[in-house]
Amino acid sequence: MPESLVQFAGVTRRFGDLIAVNNASLDIRAGEVLAILGENGAGKSTLMKMLYGLYPASEGQILLDGAPAKISGPADAMRNGIGMVFQHFSLLPALSVRDNLLLSWPKTPFWKSHRNARTDDVLTSLAELAPQIDPERIVSSLSVGEQQLVELCKVLNINARLVILDEPTSVLTPAEATRLHGFIKQLAGRGVAVALITHKLADVEACADRIVVMRRGSVVDIAERGARSMAETVALMMGQSVDRTLRPPPAFGRTVPRLVLENVSAQRPDMSLQGISLSIAAGEIVGVAGVAGNGQALLAEAVAGVEPLTAGDILLDGVSIARHTPFEAVSTPLGYIPEQPRDNGVVATMSLARNLALRDLAQGKRATGRHANLLERFNVNPPDPAKLAGTLSGGNVQKLVIARELGIQRDAILACYPTMGLDLAAIEMVYAAMFAQAASGAAVLWISEDLDDLLAGSHRIAVMREGRLVALLDNDGTLSREAVGALMTGMTETEAAA
Amino acid sequence: MSPRILGAASPFILTIFVFLFLAVALFIGLGQPPFQTLAVLVQFAVGDSYSLSQTMAKTTPILLCALAAAVPGRLGLISVGAEGQLHAGAIAGTALVLLAPVWPAPVLIPLMLIFAAIGGAIYGYIPGLLRARLDVNETIVTLLMNYVTVLLVAALVFGPWRDPASQGWPATMQFPPNAVLPALPGSRIHLGLLLGLVAALALHIYFNHSRWADKVRILAGNRKVGETFGLSFGFWVMVLMSVGGALAGLAGISEVSAIQGRLQQSISLGYGLTGFLVSWLSRHQPLIILPVSLCVGGLVAGSDALQMFAKVPAASAVILQGLLFAAALAVPGLLARWRKAQ
Ligand SMILES: Nc1ncnc2c1ncn2[C@@H]1O[C@H](COP(=O)(O)OP(=O)(O)OP(=O)(O)O)[C@@H](O)[C@H]1O
Ligand SMILES: [Mg+2]
């Protein structure tokens, strides 16, 4: 039996009356990749945060190298060779990638300068993992996927014995994810233990050695990979089986343009949108495909009226909804699901009920009762309207925003990575809600990195590269993943296949 | 008392104990009998009606300046400009009195207060505008702008506004009785205190129970979300900075009119900064600011008298204030950490 690095012995964690982790026992061994699966709010993040010293256990014990671990905070954890990459990032957006890496590097000398050769060590893992990222770039200009990779480099730089990754692939492109899988296996080969929290079975297939399944705070199963079929694992996670097929709304006569982008241009220090024109009809779903960091985030914020346009206009049923100067107040009429909803979609210090009523409150109206059943309908857990949004698990924040935005019929919808961090049942529910909106006449603009889902669920696919729309394709069943992928990267199809 | 209330109140109780402990240590260090000196301090703060009136007189500007920091503070802004806004209000109010010294009190006093409020508001609006439009840090701007009005007051009272009858003393003429804020007879408790009380209650209702309360709360909690739903951060920055400035301006004119009786240098004993600290200690909650400013006002009045009548150095008043703030900032955090470790 391989020796275990970390052992959870009957660990329980309560938040008030809520039991987030219930009597969990499991061990993590050196050199293995341990996948932790479970639906949203199952307690995966909480379990690992206890190991990382962010929360003390309410009951039970965590053993490190066979002795009770004395970890009372991240600094202790790092000293003990434990590193964690969070679902929710902790980079300093105003600093460069290099400075962020130096800040969390224990060996950073006090006299840091750019010509100081010793500090180049900090960049080796970056070069290995994400050679395309220039270390002098400012973090706020990176895409979410790139930030994820920088976070990972931070952890690798402390020479961790145990690396905890909380849903690392949910924001990565397929190519980035594949590279990460390879990297994880390489780490494990060097004897590092990797705990990988994920919702993607592809991650499990690609690199897990053992699989832990959590449900409602309890560890319900621990098995070697291959001991169970994926269907069995999913059934364990959900307590029921889920079949995963997208049922997009029926085709429609493309007649009435509803959401119209006319030559939309916008500018940010590191990205510019150049003349994007697109007309979406009532009932139509247009998917936007692209490698992260090619202007999708800017496009979304421009369409949502958060980012001012430098040229062009955006019309909903003929009425302009764009922001033209930074100082005007524009309230978006769209159902808008922003990326990173914890940062961009909720007020963490306000209750769930108030977060659902944000539109009313922002207009100086009282919250009305019509949001009452949204929490149940969209499975936000716990469905307690008085709870603060900041205490929800990552996936439940996402569901909260979706409940607010898709809970009532909209004229148009702008969804950015709407299923990020969600479990399979929740993904199903989100797509059902989005497609139902389209079926009753909403124009849908759907930004995603999941090509399979885009191909299965959208009527047309727009491909973005370097701030432009490089293609607008009818999704008539003949489009292939490879063809779209090639357009995304700018390679020809044959190059991509090679 | 139920354990729950005790739990909520324990940081306050502990803060007072830690402060008393530090004060005792200070007096021992100064070679004074500690408990006696402490008793004298309390005596000078609340011992008789004169002391009480002095305490209220100090509380008034501290309260108004604390509210001046709290109003922008609700949006997450850090304004340290109350001192400058106080002087701006004093200048604007005094200007009216110098222009129309003979107007009857029912006209002159309200107008004087309005002028002062507008003066302070403009002085808050400028850093607000810079923050809203150009994203210039409001803390730095308010800090630097403080020096300008403080020195402007000096320039005015040494120059054009000096009263020729004052024989060289740099001050304006004595305010005529029709320009002096009404006060309780025989005391220094004046209309300014009432204004502060009303403002605190009004702000409490506005920020907690009004229909607009959530606009500020949303923007403070997540600016981007607020802007997505049509709230303008810049607009609220300018409004709240101006309102804060107006309150500090009222503090300025009430010091000039009711306490000093004329505009001169040193109308403020650092009330702006004291108010800033009070506001942050009270987490910008008007109803907490009320009792906290009263305590600090008592401490200021008490230690002022102490340095006159007991053998302690003049600086000990400031040192005592510093000890109080240090205790109040450190104790709740330490307590929380200790509880978490439990
Ligand atoms: N700080 C906190 N205060 C109160 N409740 C919390 C806190 N952190 C987590 N919880 C609750 O504990 C439960 C487990 O949360 P956790 O974040 O561990 O879930 P998760 O398995 O990581 O889910 P997801 O896949 O959505 O990220 C949730 O119900 C959550 O609301
Ligand atoms: Mg989680």
Side-chain angles (χ1 to χ4, degrees), chain A residues 53-56 58 70 72-73 297 300-308 321 323 325-351 353-355 357-367 388-390 397 400-401 404-405 414, chain B residues 3-4 7-8 73-77 125 128-137 205-242 283-285 333-334 336-342:
Chain A
L54 286 174
Y55 306 130
S58 308
K70 287 194 200 65
S72 61
E301 298 211 325
V303 174
V306 178
E307 189 73 30
I321 58 167
R323 182 187 292 255
T325 76
F327 311 120
E328 71 188 310
V330 178
S331 173
T332 181
L334 307 177
Y336 171 42
I337 303 163
E339 73 171 331
Q340 300 259 58
R342 194 182 283 275
D343 290 335
N344 303 326
V346 296
V347 182
T349 50
M350 291 173 105
S351 68
R354 280 168 177 266
N355 269 289
L358 275 187
R359 272 193 177 71
D360 286 341
L361 298 177
Q363 278 155 27
K365 295 190 209 136
R366 299 251 176 229
L388 295 186
V397 171
L400 175 70
V401 171
R404 181 179 71 215
E405 301 303 319
L414 168 59
Chain B
R4 193 130 160 223
R74 294 297 282 234
L75 191 58
L77 301 174
Y125 174 77
L129 183 72
L130 289 171
R131 170 71 204 264
R133 291 287 146 114
L134 302 174
D135 222 5
V136 182
N137 183 300
I205 291 170
Y206 182 83
F207 282 126
N208 295 295
H209 301 293
S210 82
R211 282 170 43 195
W212 306 278
D214 283 303
K215 296 192 178 193
V216 177
R217 222 178 276 163
I218 292 170
L219 280 172
N222 192 331
R223 172 175 172 182
K224 199 166 215 172
V225 170
E227 291 188 321
T228 309
F229 295 136
L231 295 175
S232 163
F233 184 74
F235 169 79
W236 283 100
V237 168
M238 292 188 276
V239 168
L240 297 181
M241 287 296 290
S242 305
R283 281 170 287 132
H284 311 312
Q285 315 253 26
L334 291 176
R337 179 177 277 212
W338 177 75
R339 274 194 190 149
K340 206 174 142 195
Q342 285 278 295

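In what follows, chains are A, B, ... by sequence order, proteins preceding strands, each numbered from 1.
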Measure the spacing between CZ of B:F229 and OH of A:Y336 and express it to the nearest 0.5 Å. 9.5 Å
Looking at CG of B:N222 and OG1 of A:T349, how far apart are the two atoms once the value is rounded to the nearest 0.5 Å? 8.5 Å
Check whether any side-chain heavy atom of A:L361 lies under 4.5 Å from a side-chain heavy atom of B:I218, and answer yes or no. yes
Would you call A:E301 and B:K224 a salt bridge, using N to O less than 4.0 angstrom? yes
Contact origin within B:A132 toward chain A - heavy atom pairs under 4.5 Å: backbone
Residue B:R133 versus chain A: region with a heavy atom under 4.5 Å: both
Checking heavy atoms, do the side chain of A:D343, its backbone, both or neither come under 4.5 Å from chain B? backbone
Side chain B:R211, main chain A:K365, donor-acceptor under 3.5 Å: no
Roughly how far apart are B:E227 CD and A:S331 OG, rounded to 0.5 Å? 12.0 Å
Would you say that A:R354 contacts B:R217 through its side chain, given a criterion of any heavy-atom pair below 4.5 Å between the two side chains? yes
Which atom names give the shortest non-hydrogen contact between A:M350 and B:D214, and what distance separates them? CE-OD1, 3.2 Å
Looking at every non-hydrogen atom in both residues, tell me the closest pair between A:A329 and B:G230 and how far apart they are. CB-O, 3.1 Å
The residue among A:V330, A:N344, A:L358, A:T332 that forms side chain to side chain contact (heavy atoms under 4.5 Å, CB included) with B:T228 is A:T332
